[in-house]
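Structure first, commentary second.
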Amino acid sequence: MKFIDIKKYTFIILSALFVLSACNETAEDLPDEDYEKLFGGEKIKPPYLGYETMPKLPCEPEVSKKEYIYPGKEIEDKRDYTVTVKFYFKEVKRIQDGSPASSKVDLRFVGENKELEILKTYKSFYIENDKIDFENGKQYTKTFKVKSGFPLYLGISGAGYDNFNMVASIKAKSDDGLIETPELKYEVKTNVDGLSDTFSYCEKIILP
């Protein structure tokens with residue numbers, strides 16, 4: 001005949017009762033947390049995004065001079081910068097007939113006078129005595145001086161013709177040598193019969 005170990009079973013019963021009482025404890029039984037003391041009563045501040053971080057911001061690639069509004073900012077501590085704009089396009093026609101390039105591309109950037117400049121690879125039928133600003137196969141480069149708060153602005157829109165490639169870019173470097181901006185750059189290549197689908201791009205950076 002086996003004897004029951006009273007001490008053993010008494011311990012098991014008491015343990016079970018303790019577990020059940022712990023499980024039945026509600027949130028009302030718990031002490032209130034002092035969140036003021038834990039977190040100092042301060043709201044979490046959003047991350048600071050200043051001009052010195054130089055984010056690339058979207059802009060309108062086909063804005064007209066009439067619609068244009070200067071997108072720069074006023075900054076008290078001003079630096080001097082040298083801006084460099086570059087543009088190149090090459091068109092090779094399937095039929096070599098000696099005619100001018102048929103690609104129609106507009107380059108937009110903000111010039112040193114804070115005005116919008118629009119340069120073209122073609123002549124406009126709506127402007128009397130209009131001229132082509134870019135020659136097929138030749139590099140265009142322009143440099144000018146600006147100050148902090150100026151918008152680096154690069155807008156491209158248009159369509160290539162036949163075998164076509166182009167690259168446009170803008171960047172700036174402070175004259176004290178401390179700041180060099182990310183380069184805004186756009187490249188496209190097409191190989192079609194006639195005009196390609198249209199393409200567009202526009203980004204800007206506010207100089208710190």
Side-chain angles (χ1 to χ4, degrees), residues 43-89 103-124 126-135 138-160 164-189 197-208:
K43 292 183 179 179
I44 298 175
K45 295 180 180 179
Y48 175 71
L49 188 64
Y51 299 123
E52 65 271 17
T53 61
M54 291 185 283
K56 295 180 180 180
L57 305 171
C59 50
E60 173 51 58
E62 298 184 26
V63 65
S64 67
K65 290 189 175 182
K66 184 177 180 180
E67 297 169 323
Y68 165 78
I69 298 173
Y70 177 66
K73 303 293 181 183
E74 284 300 323
I75 297 178
E76 292 183 5
D77 298 327
K78 294 189 185 321
R79 280 189 173 92
D80 293 313
Y81 289 85
T82 299
V83 176
T84 302
V85 181
K86 291 184 178 182
F87 182 88
Y88 169 85
F89 88 98
S103 300
K104 300 184 182 302
V105 181
D106 292 334
L107 169 72
R108 286 171 170 79
F109 63 92
V110 179
E112 63 261 59
N113 58 0
K114 300 182 180 181
E115 297 295 327
L116 180 68
E117 296 196 26
I118 305 176
L119 304 181
K120 310 181 306 302
T121 63
Y122 61 95
K123 287 184 180 181
S124 173
Y126 307 104
I127 302 176
E128 189 176 355
N129 300 320
D130 194 26
K131 63 181 181 65
I132 294 173
D133 300 299
F134 304 110
E135 290 187 46
K138 291 191 176 181
Q139 174 75 54
Y140 168 90
T141 302
K142 181 175 183 178
T143 61
F144 52 91
K145 299 284 189 179
V146 298
K147 294 184 180 295
S148 297
F150 181 86
L152 281 188
Y153 185 110
L154 182 66
I156 294 289
S157 61
F164 167 84
N165 69 85
M166 61 142 283
V167 57
S169 66
I170 187 171
K171 65 179 180 179
K173 186 174 182 178
S174 62
D175 291 356
D176 58 16
L178 296 177
I179 296 178
E180 187 167 355
T181 68
E183 184 178 49
L184 298 180
K185 187 175 183 179
Y186 183 73
E187 296 181 72
V188 64
K189 292 183 180 180
D197 292 335
T198 57
F199 46 78
S200 64
Y201 159 90
C202 197
E203 285 187 321
K204 63 184 177 182
I205 291 175
I206 305 299
L207 296 181

Between [Y] and [X], is there a side-chain heavy-atom distance shorter than 4.5 Å?
| X | Y | answer |
| --- | --- | --- |
| Y81 | L152 | no |
| Y68 | I118 | no |
| F134 | M166 | no |
| K142 | F87 | no |
| L178 | R79 | yes |

Checklist entry - Between T181 and K173, does any side-chain donor sit less than 3.5 Å from a side-chain acceptor? => result no
Checklist entry - Does the side chain of N165 pick up a donor-acceptor pair with the side chain of Y88 at under 3.5 Å? => result no
Looking only at heavy atoms, what is the nearest atom pair of [X] and [Y], with distance?
| X | Y | result |
| --- | --- | --- |
| Y122 | D130 | O-OD2, 4.1 Å |
| K120 | D133 | N-OD2, 2.7 Å |
| I156 | A168 | CD1-CB, 3.6 Å |
| A159 | F199 | CA-CE2, 3.6 Å |
| C59 | Y153 | CB-CE1, 3.6 Å |

Next on the checklist: Taking ring pair (Phe, Tyr, Trp, His ring centres under 6.0 Å) as the definition, give me every residue that meets it alongside Y70, ordered by chain and number, with sequence neighbours left out.
Outcome noted: none
Counting only heavy atoms not in [X], do more than 12 fall under 6.0 Å of its [atom1]?
| X | atom1 | value |
| --- | --- | --- |
| D197 | CG | no |
| E135 | CD | no |
| K189 | NZ | no |
| K123 | NZ | no |

Next on the checklist: Is it the case that the side chain of T121 and the backbone of S103 share a donor-acceptor pair, with hydrogens and angles ignored and the cut-off at 3.5 Å?
Outcome noted: yes
Next on the checklist: Classify the ring geometry of F150 against F144: parallel below 30°, tilted from 30° to 60°, perpendicular beyond 60°.
Outcome noted: perpendicular
Next on the checklist: K145 vs D80, test: salt bridge (Lys or Arg N to Asp or Glu O under 4.0 Å). Steps then yes/no.
Outcome noted: CA-CA 7 Å; K145 299 284 189 179; D80 293 313; over 6 Å; no
[atom1]-[atom2] distance between [X] and [Y], expressed to the nearest 0.5 angstrom:
| X | Y | atom1 | atom2 | answer |
| --- | --- | --- | --- | --- |
| E180 | T82 | CD | OG1 | 11.0 Å |
| E183 | K86 | CD | NZ | 8.0 Å |
| Y140 | L107 | OH | CG | 7.5 Å |
| E62 | R108 | CD | CZ | 6.5 Å |
| L116 | S64 | CG | OG | 8.5 Å |
| E60 | I69 | CD | CD1 | 12.0 Å |

Tabulate below the donor-acceptor pairs under 3.5 Å that side-chain atoms of residues 201-208 make, not counting sequence neighbours, or state none.
{"from": "Y201", "atom 1": "OH", "to": "E203", "atom 2": "OE1", "distance (Å)": "2.9"}

Checklist entry - Under the side-chain contact (heavy atoms from CB on, under 4.5 Å) criterion, do F109 and V83 qualify, and how do the steps go? => result CA-CA 11 Å; F109 63 92; V83 176; over 6 Å; no
